[in-house]
Chemist: 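Take a look at the following structure, please.
Both backbone and side-chain heavy atoms feed into the values below; hydrogens, waters and symmetry mates do not. Naming: A, B, ... by sequence-line order, numbering from 1 per chain.
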Amino acid sequence: MTDRVFGQPVKRVEDRRMLTGGGQYLDDLGHDALQIAVVRSPYAHARVRDIDVTDALDVDGLVAVYTYEDLIGPMAEPLPLLIPHPALTHGRTQYALANGEVNYAGEAIAMVVASDRYTAEDAAARIVVDYEPLPDVVGVAAARTATHLVHEDVPGNVGANLVQEFGDARAAIQVAPHRLELDLSIERSASTPLEGRGTLARWDEESHRLRVWSSTQTSTGLRAALAAKLELDLVDVEVITPDVGGGFGVKIVHPWPEDLIAAWACRRLRRPVKFTEDRREHFISAAHERGQLHHIEVGFDDEGRVLGLDVRFWHDHGAYTPYGLIVPIITSTQLLGPYKPANYRVEFDSLYTNTVLVTPYRGAGRPQAAFAMERTMDAIAAALGRDRVQVREVNFIQPAEMPYDNHMTFQDGRPLIYDSGDFPATMAKLKKLVGWDEFEGVRTAAHAEGRTVGIGLGCYVEGTGVGPYEGGHVHIETSGKVKVATGLTTQGQGHATVFAQIVADELGVPVEDVEVVTGDTRRFGYAVGTFASRSAVMSGSAIALAARAAKAKALRVAADALEANPDDMEIVNGKVKVKGSPGQEIALGTVAVLSNPLRYAFDKASRSATQFTVGDSGKPPVAEDDEPGLEGRDYYSPPRSTFANGMHAAIVETDPETAEVRILRYCVVHDCGPMINPMIVEGQIHGGVAQGVGGALYERMHYDEHGQLLNASFMDFLMPYVTEVPDGIEIDHLETPTPLNPLGIKGLGEAGVIPVSAVLAAAIEDAEGIPIRSMPISPSDLWELRRAHRDTATEGND
Amino acid sequence: MKPAPFEYHRPATVAEAVAVMAELGDTAKVLAGGQSLVPMLSMRLAAPDHLVDINRLAELDYVRVADGAVKVGALARHRDVERRAASAAQPLLGQALRLVAHPTIRNRGTTVGSIVHADPAGELTAVLAVLGGSVRLVSAGGERVVPAADFFLGPLESATRPDELAVEVSFPVAADGASSAFVEVARRHGDYAVCGVAAVVRRGSGKKAEARLALISVAATPLVLDVTMVANSDDALRAYVTGQVEPSGDIHASADYRRHLAGVLAVRAVREAQAA
Amino acid sequence: MKVSGDTVLHADAETVWRTVTDPQVLVRTIPGCERLEVTGPDAYAMTVSAGVASIKGTYDGAVALTDQNRPSSFVLRASGAGASGTIRTDVAVTLSDGGNGTTSLRYDADADVGGMVGGVGQRVLTSVAKKMAGQFFANVDDVLTGAAPVAPATAAAGATPGVFTAPPRARAVPSGGFVKGVLVGAGVALAGVLVGTLIGRRR
Amino acid sequence: MTEAVHDVRLRVNGVPREVNVPARRLLSDVLRHDLQLTGTHVGCEHGVCGACTVLLDGAPVRSCLLFAVAVDGHEVTTVEGLAEDGEMSAVQRAFENCHGLQCGFCTPGFLTTITAGLRENRNPTRAEAREMIAGNLCRCTGYQNIVKAVLEAAGS
């Protein structure tokens, strides 16, 4: 067992349970619970004049109906603005139940609690709400024009305006040899996990405690929110995260109205209450992301070196801003990618619209950023008639320049300093993988067959592992089994496996002896959550440190028992040994027994730790600076984020008649530092790329001008099936470790999705010879572009 | 997303079924495969007082070739039609069915049900229309056979009256020398087509030669076009078809793109059928 | 959702105006309209029984004629609500001389369709609406050309003044699929009639 | 008004089960909440995602598109019924070997679909393997390793 499991494609320990139907997701729990159904606004913007529940009261099985009027104290206050920012001068959040006004179609107005969901929906359907419709503000253009306002007291619909810059971009552009302007747009998509949101709440009147299960990315966040809203002490609230059927960002934003009502109602009713979100509700009342418009001005020299970059963008944040400015701040900073423009200025407005709120979705502002920067690079190359790779290369930050200070403030309020990466090497790998230099031959051969193909590429740098901290607890049982807990949650990333790999190596135990629990506040109360590609970096590091603490103690206790020097000892396969002295060893479980001085022997093993058996009678059984038990607890809190990076390339074929786009090849080179489990790394990349393809070619939120989401179902929201994703994603890795954490690792959860729209836009543009400035693009869109392009060309000839 | 309550009826024979339907009139809805109906019930877009489940009408569970037609009973699932001899007798059925949603849906969905559903994007409506098939409707008062040309009245609207049960659809078998194809463009594989074309061609000289199309998703009902006179020229065929359709735009495709596709797919369908 | 269309009606614009703004006619020509109550000057409450087969339902809505510019244009403002959604629409109607004693009528409806049906019905909504509009104008034209009688459209026996109920119809609403039961309202939206079943359903 | 209930007898994973439910109760809800076989998941309730796929008399169907009362008397196989004597089936093992699942929510629908698919086609080509799973949505894996798992299960 001296082989390191870190870096091995260890099979996932969670799989067997999930493969045999033993997974436990939120709605698999609480079969005895009452169910919630929600009355939601059909209007995007309206005043609620009256709510008549009379008809609902006849429904057999109805237990309660709640409207805003029932709420008191903190429950009647707006939901928290989770991440305040000085630039967010006009932050607004919704109420748990609408207080007189609704600002998006789907906003909760009343909640029904009934014996089951069928009955709850029967009752909800009978509640009559009288609305006074107000003018709708939908889309960035309408928000900017501000003919109408979403919130009466927010002038211009502007929630925030933020400028960051270094140097003098505008002046640099003025004097640059070449200049370009681009207008770009990216539409909305959404996380859309296969499992929606959900909350189950139980109130124990005898112990005066609230226990909540939630399909969440942050159990500690929800716990704190519930305690505050329900005026309970934190110790009286427990939040448990069962298996979670995907998150991708949307489950980080708590409290949702339904969380609060479920918990509040279960306490009032003294019965368990559950909310299980259905698919339609997920579309109209969870959260979306991505919608931004960019105006870019860039000045560059003859080689394509960017001398000045001035980016103005408008971010549609929906009706409320519970998650602050995280998404546009990430866009504005991560836009820089692997490049070092001499001067940079970025300014954004974060705008209110009468649509579902916007909070991070995997990538969180980076797909827009990559789209803006990579389209700019391609435009520079086109303007100069230079190779797209070469233009990027002259702009790359070089490895010798690391750590590289970008002179910006990142989403965590800390300096944007790249810690590691070798961008030229990553590019060299990508060129080789996709066959960049041989592509003209491919194109010619395709043309000969009457086929149209194109190639595109895109680069990104991703700040991962943002703070403030995560913690880990490693507890060694007297059986020798190791129990690990960390506070952040799991939605399919295989934490139970990768954290076990880390602990197995640190402690010297078989990986199958390590059991990991995540997202259970009973086991670990201090945590932030799972987002921003931070779990491996943050909890992985914390757990490694905790395991080191446990190991140090194990060696100390064993050294005492074996009368050896701890420095001469090691743990191999669960046994603490004196190096080079075969036979001088003690099982880790026994060390655990010895670590806890006992008065009572509960079993055979513990006899050896009772008071007449061990210990120096002249010393306290537990030393002054020690604790009983064989465990370690530690936290990891980095000074700033660590920056992973990657580059993707794709070859596409476009149908000359139908304008359908087919991805012939998709290649990824990624640098997340040392990989804990390459199988899981590749799985994360696969999933990210598929989501990226969805966002580039299929998915969008079709709002009409009245704020109605026209495609609020899987029938019309076109999440890709297998038939829409590339058949094969080719992956290569570069592993440049970060100096910022004990394992040298960088995050990767979001990586796959980030550059896909940029890459596919570039490839389609290359195939078609038509500038692609807006994504996603459907065959109909491409066909219309062709037509417009042809018309323009014809006019030009006239 | 749970259905509103309804009263459930499960007749054992067609006679029982139509008797119940006569009594309930337009307060009842027939449940066959339910692959379109059940989502609408769950979304509470539809909330009939009664549901008449015909899944026990074993007498309607058949696919047979008789009298020059593939006759499909109301309980035959798409998969049955795909698998049984039907496809050999009328290859267009198989060509169309592989485009109807996904196999799991076809395991339960019925061919007759999807025709009665009269979705303007339904592949089978085009098959029935281009072949000039018919639907047999039975009520307590008797039965009638409605030809395809009279059956589709509008989007999601067929000639079936509330008291009538569509018991059988007849698809004429392929004529001698005839061949067919079904091509479509859908956003995702298995989605409703943005545009789709069923083509039946018959080789031969003079009056024997024939080329007919039925298009879906470009009109409220399947649009049948006789393209015999233009079938041999891509340009003429494309121009003729694009001139005949008046599609609407929606969130997935503009009207002009649909019109363009109709022409492109018409050519592809005819060429593919000719090559078959 | 936007629905536009045009039609030719066989009467002069003044007659058309009178006809399509006459509650007695409207109640008989709006597909599925059962009851039309005058609630104010050029304002009506109506009950529409639209949709067919098993999904026929009865819904309540309100219609008002505004921006009248006799005899060339008016706007119908209609709204209604039901369990599965809401609809609110402005229909701009313009009349122009079509020659030979006919009038060209153009309508541009801008509908805010909320609730479930708005989110899942987009694929068929427009074509259903157009079809129902066509039916409405065919009914109107029948009135104009005398193919359908006008008189029986008045108040039911013992009626409240200002309340109009429809007589049994010669021209049956054609039967159709169940979605139509909920989508038909899009058609009703035409001529201020765009309310009904789109948003409602039978309980 | 109390809703009428119906006796429904099913054979689920080889075991006769009986429930007393309203006609509108979906098979997915009967399996999950009445029989507490929660391995079958519900991802959309309109028949698009495939997470709720079970085998009805051996053929894959969407359990969210069936009323339990309408399949009275039939045989249903859920993900809980795929392993034999505690041994995971070839398809389940292949998913484990190939990292064919991440969050695991859509997985039961894939497993039932592939189990039936491989009964029909023991040696699918790569294209046929993709076609086999083309009606099920997965948001985590990008499908790459699921395709791999189908081919591995077929080869075993």
Side-chain angles (χ1 to χ4, degrees), chain A residues 35 37 59-61 114 116-122 124-126 196 276-282 655-660 693-694 697-704 708-725 776 778-788, chain B residues 1-6 35-36 39-47 98-99 101-105 119 121 183-197 217 234-235 238 242 247-269 271:
Chain A
Q35 302 269 353
V59 173
D60 209 22
D116 62 69
R117 176 76 185 217
Y118 292 76
T119 312
E121 288 189 17
D122 292 349
R126 288 167 170 244
T276 306
E277 184 187 56
D278 70 25
R279 185 49 56 189
R280 174 169 181 271
E281 291 179 296
H282 190 75
D655 187 304
E657 292 183 318
T658 64
E660 289 170 289
V693 170
L697 302 179
Y698 297 98
E699 300 166 6
R700 63 177 71 177
M701 293 295 169
H702 284 278
Y703 273 104
D704 72 6
Q708 299 295 344
L709 184 61
L710 300 179
N711 60 334
S713 83
F714 277 164
M715 289 180 283
D716 290 315
F717 178 80
L718 307 175
M719 189 193 288
Y721 286 106
V722 66
T723 35
E724 282 66 56
V725 300
S778 70
S780 179
D781 297 334
L782 178 57
W783 183 80
E784 295 286 354
L785 274 182
R786 280 178 184 170
R787 183 162 70 161
Chain B
M1 247 193 247
K2 308 290 184 190
F6 53 80
Q35 303 298 287
S36 297
M40 289 300 171
L41 295 173
S42 284
M43 293 172 182
R44 302 195 180 207
L45 290 174
R98 71 186 164 79
L99 300 171
H102 297 102
T104 303
I105 298 295
D119 193 301
V183 296
E184 69 177 34
V185 168
R187 288 295 279 117
R188 293 175 301 186
H189 178 71
D191 280 346
Y192 287 112
V194 172
C195 176
V197 180
S217 298
D234 285 3
D235 289 345
R238 200 181 299 116
T242 50
S248 312
D250 67 7
I251 63 173
H252 297 309
S254 68
D256 288 347
Y257 174 66
R258 274 210 165 86
R259 186 180 299 107
H260 164 78
L261 270 189
V264 168
L265 298 181
V267 172
R268 288 187 185 181
R271 298 293 165 256

Chemist: Closest heavy-atom contact between A:D122 and B:A4?
Modeler: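 Of all heavy-atom pairs spanning A:D122 and B:A4, the closest is OD1-CA, 4.3 Å.
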Chemist: Side chain, backbone, both or neither: which part of B:P3 has an atom under 4.5 Å from a heavy atom of chain A?
Modeler: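 Contact with chain A: backbone and side chain both.
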Chemist: Just verifying a value: how many Å separate B:M1 CE and A:R280 CZ, rounded to the nearest 0.5 Å?
Modeler: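 Reported to 0.5 Å precision, the distance equals 7.5 Å.
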Chemist: Residues in ring pair (Phe, Tyr, Trp, His ring centres under 6.0 Å) with A:F717, at least two apart?
Modeler: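 Scan of A:F717 (ring pair (Phe, Tyr, Trp, His ring centres under 6.0 Å), adjacent residues dropped) gives A:F283.
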Chemist: Given a strict heavy-atom distance threshold of 4.5 Å, which part of B:D256 is in contact with chain A: side chain, backbone, both, or neither?
Modeler: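 For B:D256, the contact with chain A is made by backbone and side chain together.
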Chemist: Is B:V267 close to A:E657 at the side-chain level, that is, under 4.5 Å between some pair of heavy atoms?
Modeler: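 A:E657 does not reach B:V267 side chain to side chain.
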Chemist: Where on B:H102 is there a heavy atom nearer than 4.5 Å to chain A: the side chain, the backbone, both, or neither?
Modeler: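 The side chain, not the backbone.
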Chemist: Who wins among A:E281, A:R700, A:M719, A:R279 for the most heavy-atom pairs under 4.5 Å with chain B?
Modeler: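 Of A:E281, A:R700, A:M719, A:R279, A:M719 has the most heavy-atom pairs under 4.5 Å with chain B.
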Chemist: Distance from B:M43 atom CE to A:E121 atom CD, nearest 0.5 Å?
Modeler: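 Spacing of CE (B:M43) from CD (A:E121) equals 11.5 Å.
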Chemist: For B:R188 and A:T723, indicate whether the former's side chain and the latter's backbone hold a donor-acceptor pair under 3.5 Å.
Modeler: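 Pair absent, no side-chain N/O of B:R188 close to backbone of A:T723.
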Chemist: Hey, what do you get for CZ (A:R787) to OG (B:S254), rounding to the nearest 0.5 Å?
Modeler: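 That separation rounds to 6.5 Å.
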Chemist: Quick one: do B:K2 and A:D116 make a salt bridge, cutoff under 4.0 Å?
Modeler: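 Looking at A:D116 together with B:K2, the answer is no, because their closest N to O distance does not fall below 4.0 Å.
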Chemist: Would you please classify the geometry between the A:W783 ring and the B:Y257 ring as parallel, tilted or perpendicular, with 30° and 60° separating the classes?
Modeler: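 The arrangement is tilted - the two ring planes meet at 30° to 60°.
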Chemist: Any side-chain heavy atom of A:D716 within less than 4.5 Å of one from B:H252?
Modeler: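 Contact flag for A:D716/B:H252 side chains = yes.
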Chemist: State, to 0.1 Å, how close A:H702 and B:I251 come at their nearest heavy-atom pair, and which atoms those are.
Modeler: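 Taking A:H702 first and B:I251 second, the nearest heavy atoms are CE1-O, 3.2 Å.
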Chemist: Taking the basic N atoms (NZ, or NE/NH1/NH2) and the acidic carboxylate oxygens, is any pair closer than 4.0 Å for B:R268 and A:D655?
Modeler: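 A:D655 and B:R268: salt-bridged.
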Chemist: Counting heavy-atom pairs closer than 4.5 Å to chain B, which one of A:T658, A:D278, A:L718 comes out on top?
Modeler: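 Highest number of heavy-atom pairs under 4.5 Å: A:L718.
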Chemist: Which heavy atom of B:R187 sits nearest a heavy atom of A:L697, and at what distance?
Modeler: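 Scanning both residues completely, I find the closest heavy atoms to be NH2-O, 2.8 Å.
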Chemist: Considering all heavy atoms of both residues, which atom of A:S780 and which atom of B:A253 are nearest to each other, and what is their separation?
Modeler: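 The pair with the smallest heavy-atom distance is OG-CA, 3.4 Å.
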